[in-house]
Amino acid sequence: MTETDVAREGRPDVVQIRIPSLRLGPVVLAALALIVISLLLKGGVLARGYFIEDDFLFVGDAYEHNLTWDYLTRVHKGHLMPGALGLVWVLSRIAPYNWFLVAAVMLALQAVASVGMLVLLRRLFGDRVGILVPLALYLFAPLTVPALSWWSAALNAVPLQVAMVFSLAAHARFLRDGTARHAWQGLAWAAFGMAFSTKGAFLPLVTFALTTAYFGTGRTQGWVRAAVRELRARPRVWGAYAALLAGYTLLYLLRQGTAGEEGAGTPKADVALGLAGWMLGRTFPTGIVGGPLNWGGLAGTGGLADPPVAMIVVSWLALAAVVVFTCLYRRRAWRAWTVAALYVVVADAIPTILARGRYTALVGTETRYVADAVVVFAVCLALSSLPLRGEGDAYRRPLPGVMPLTTALLTVAFLVASVASVNAYGNTVTAADRVRPYVENVRDALARLPEGAQIYPRPVPDQVVLPWNGDRRLTSRVLAPLADEALRARMRDPAPAERPYVVDDSGKIVAIDHLYGYFDMVEDLNGDGGRATGTTGRSVGGRAKGRACYELRAGAVAFPVESFGGPEGVGALSYRSTRPVTVEVSLGEVIRRLDLPATAESRLVYFPHPGAGDGLRIALDDPGTTGFCLKAVAFGAAVPADAP
């Protein structure tokens, strides 16, 4: 950062502006080059990505709610993240399902985090060549890439990384110059991190641990004694951090009920052990040294870490060698490694086990759960090996003369492995090929839809949103953001129609062909069965033989329909009537009123019906009405016609 000096010289109406030259040394230039290269590498992966899974749920929810406190503080699958939901709301309202927009924002935030790491390292260690090693580790570690390429994960992971580096950088400046506003800046950045990720709650603990280990009063004595002295020396600062953490925890507990059954739960012992084994034994150690090289077990969002045995062995040997070497030479290096190890276990492994330990151990192969640990590990690597600015007697003994060359070779090996791993992961990102055509087809079809068309809800394909998300994966929620306001309202609450539409599995909007479920009709239906009305399907109830119309008793007739209910339910009836009539269609506790026009020929009318229960009853609003002939009834899920 530079400052602008403004001075008035000579005449008072003349303003001279002097801008000091920006001095960039070789270390800073090399660091900036590394940042640019890493962003290009990550941008290449982002270019192959697209919206998938929770991305659609987030955008659909953003259009279901206003930007209210209730919306922002809803817990989504265990995450309290008002900042992330606010960002989703804004970006989705600007341009729904615009991958270029969201990818550009995420890449820009990643650039901010990268520059922030450089700022942090310079404040801690100065412009020494050694800072390029932990910087390169953060910039190129493959662990951070899958979290960046999936928008739902990036909404948590990338802003959290921004908060971590700038909070630590602000606090480091406070410790160096004692200016209180820098301490409050660190606190504000911590609050920013909590707004985007529940893992932000661990940031105050990391800040306190590193302060007492390397900066606090009495740090050269015992660590516990240093912690006590630090609390006594700066009670206002740590009291503010404690208040922030307590407030966030209280808010989380108060809003935990909004998560439904998707929050934390009691894990299964075998799943928890397997998950921890994968995460701590394979995924993190290989990823932090440039692995895993191989990605397998493809998920919708990309590959899962599948390191070969040789990679696992090499990674553990490399980590053990670095820890032992730094502890032998650097004073108090063990403190940095203790912080790093505790963070991976307490902030990453335990929360993941609580949130996902009921399902499958393969969750431990997803690197997004340990992406934030790369920040802590990089800082701890630097603290365990480099002297702080102004620190004397940092080493127990002189470093070996081969250290610069060895460090350079190891760094190059890490970079080569990391680039190979990132490129291999990029080849597993196929959302753009699988999902983008579907969304673009929908976008194009909505623009050409007839005026006043009714679109009935139907689940989007599994490749877009998986079935366990229930009604949240219906087209009326997921795809409504692509429509204008009037059509969006009709998609959420469609009206009865003779020719309603649905979105088929390719993204085309086509007419309903028939309903899958219950179907019954009188025997004489224009002489050609159900094809005259289009209500083809599986006949469950048997036909009313020898009659042209169903017999209505007291103006009503019932059918043995069974339904679990929900927005996906659709009914249909075929009728003739000499006058306009109103009928009530009831199923369970739900009653739907239909105003039917007079018609001399058989007319088919579809209508949404979310009722749940046994027995569908159709009753005339006026039981004494004459001239109404009910000829067929169907109920079930809408089946799209073959696209033209």
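Reckoned from all heavy atoms, side chains included, excluding hydrogens, waters and symmetry mates.
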Does the side chain of [Y] come within less than 4.5 Å of [X]'s, by heavy atoms?
| X | Y | value |
| --- | --- | --- |
| V379 | M117 | yes |
| L254 | L250 | yes |
| T338 | W223 | yes |
| K42 | T144 | yes |
| Y395 | P387 | yes |
| Y329 | R396 | no |
| K268 | Y359 | no |
| W150 | I52 | yes |

For [Y], does its backbone N or O pair with a side-chain atom of [X] as donor and acceptor, under 3.5 Å?
| X | Y | answer |
| --- | --- | --- |
| Y252 | G78 | yes |
| T326 | V323 | yes |
| W295 | L304 | no |
| S167 | M164 | no |
| T212 | A209 | yes |
| T283 | G364 | yes |

Looking at [X] and [Y], does any basic side-chain N land under 4.0 Å from a carboxylate oxygen?
| X | Y | result |
| --- | --- | --- |
| D177 | R123 | no |
| K77 | D54 | yes |
| R332 | E391 | yes |

Which of parallel (below 30°), tilted (30 to 60°) and perpendicular (above 60°) describes [X] and [Y]?
| X | Y | answer |
| --- | --- | --- |
| F284 | F377 | perpendicular |
| F196 | F192 | tilted |
| W238 | H171 | tilted |

Does S152 have any side-chain hydrogen bond (donor to acceptor under 3.5 Å, both in side chains) partners at least two apart in sequence or in another chain, and if so, which?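 Counting only residues at least two positions away or on another chain, S152 forms a side-chain hydrogen bond (donor to acceptor under 3.5 Å, both in side chains) with D55.
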To the nearest 0.5 Å, what is the distance between [atom1] ([X]) and [atom2] ([Y])?
| X | Y | atom1 | atom2 | value |
| --- | --- | --- | --- | --- |
| L135 | L118 | CG | CG | 6.0 Å |
| L388 | Y214 | CG | OH | 8.5 Å |
| W69 | R74 | CH2 | CZ | 13.5 Å |
| M194 | L160 | CE | CG | 10.0 Å |
| L275 | D270 | CG | CG | 11.0 Å |
| T428 | N294 | OG1 | CG | 11.5 Å |

I need the full list of salt bridge (Lys or Arg N to Asp or Glu O under 4.0 Å) pairs touching residues 127-144, with sequence neighbours left out, sorted by first then second residue.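 Salt bridge (Lys or Arg N to Asp or Glu O under 4.0 Å) check on residues 127-144 returns R122-D127.
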Residue pairs passing the salt bridge (Lys or Arg N to Asp or Glu O under 4.0 Å) test where at least one lies in residues 301-316, sequence neighbours excluded: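 For residues 301-316, and leaving out neighbouring residues, there are no salt bridge (Lys or Arg N to Asp or Glu O under 4.0 Å) pairs at all.
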Should Q256 and L80 be marked as a side chain to side chain contact (heavy atoms under 4.5 Å, CB included) after you check the CA-CA gap, both sets of side-chain angles, and the distance that decides it? CA-CA 8 Å; Q256 191 173 17; L80 175 64; over 6 Å; no
Test side chain to side chain contact (heavy atoms under 4.5 Å, CB included) applied to A382 - qualifying residues, sequence neighbours left out: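 By the side chain to side chain contact (heavy atoms under 4.5 Å, CB included) rule, A382 matches L121, F125, P134, L386.
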Heavy-atom pair with the smallest gap, counting every atom of [X] and [Y]:
| X | Y | answer |
| --- | --- | --- |
| Y241 | G186 | OH-C, 3.3 Å |
| Y425 | S149 | OH-OG, 3.3 Å |
| A113 | V165 | O-CG2, 3.8 Å |
| W337 | V322 | CZ2-CG1, 3.8 Å |
| A190 | L244 | CB-CD2, 4.1 Å |
| M81 | S197 | CB-N, 4.5 Å |

Pair Y138-Q161, side chain to side chain contact (heavy atoms under 4.5 Å, CB included): steps then yes or no: CA-CA 10 Å; Y138 169 69; Q161 294 169 38; 2.7 Å; yes
Name the atoms and distances for all side-chain donor-acceptor pairs under 3.5 Å in residues 345-353, with sequence neighbours left out.
| from | atom 1 | to | atom 2 | distance (Å) |
| --- | --- | --- | --- | --- |
| D348 | OD1 | K199 | NZ | 2.7 |
| T352 | OG1 | D348 | O | 2.6 |

Can a side-chain donor-acceptor contact be found between R330 and S384 if the only test is distance below 3.5 angstrom?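 There is no such pair between these side chains.
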Centres of the Y71 and H65 rings: under 6.0 Å?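 Yes, they do, as the ring centres are separated by less than 6.0 Å.
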Within a reach of under 6.0 Å around CZ of R236, are more than 12 heavy atoms found that belong to other residues, nucleotides or ligands?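 12 or below, so no.
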Using the side chain to side chain contact (heavy atoms under 4.5 Å, CB included) rule, take L328 and R397 through it: C-alpha gap first, then chi angles, then the decisive distance, then the call. CA-CA 8 Å; L328 288 175; R397 55 182 62 86; 4.0 Å; yes
Chi angles and distances behind the side chain to side chain contact (heavy atoms under 4.5 Å, CB included) call for R331, D393: CA-CA 8 Å; R331 298 185 188 278; D393 196 24; 3.3 Å; yes
Residues 308-319 side chain polar contacts: donor-acceptor under 3.5 Å, at least two apart:
| from | atom 1 | to | atom 2 | distance (Å) |
| --- | --- | --- | --- | --- |
| S315 | OG | M311 | O | 3.2 |
| S315 | OG | I312 | O | 2.7 |
| W316 | NE1 | G281 | O | 2.9 |

Is the NZ or CZ atom of R181 both under 6.0 Å from the centre of the six-membered ring of W184 and within 45° of that ring's axis?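 No, R181 does not sit over the ring of W184.
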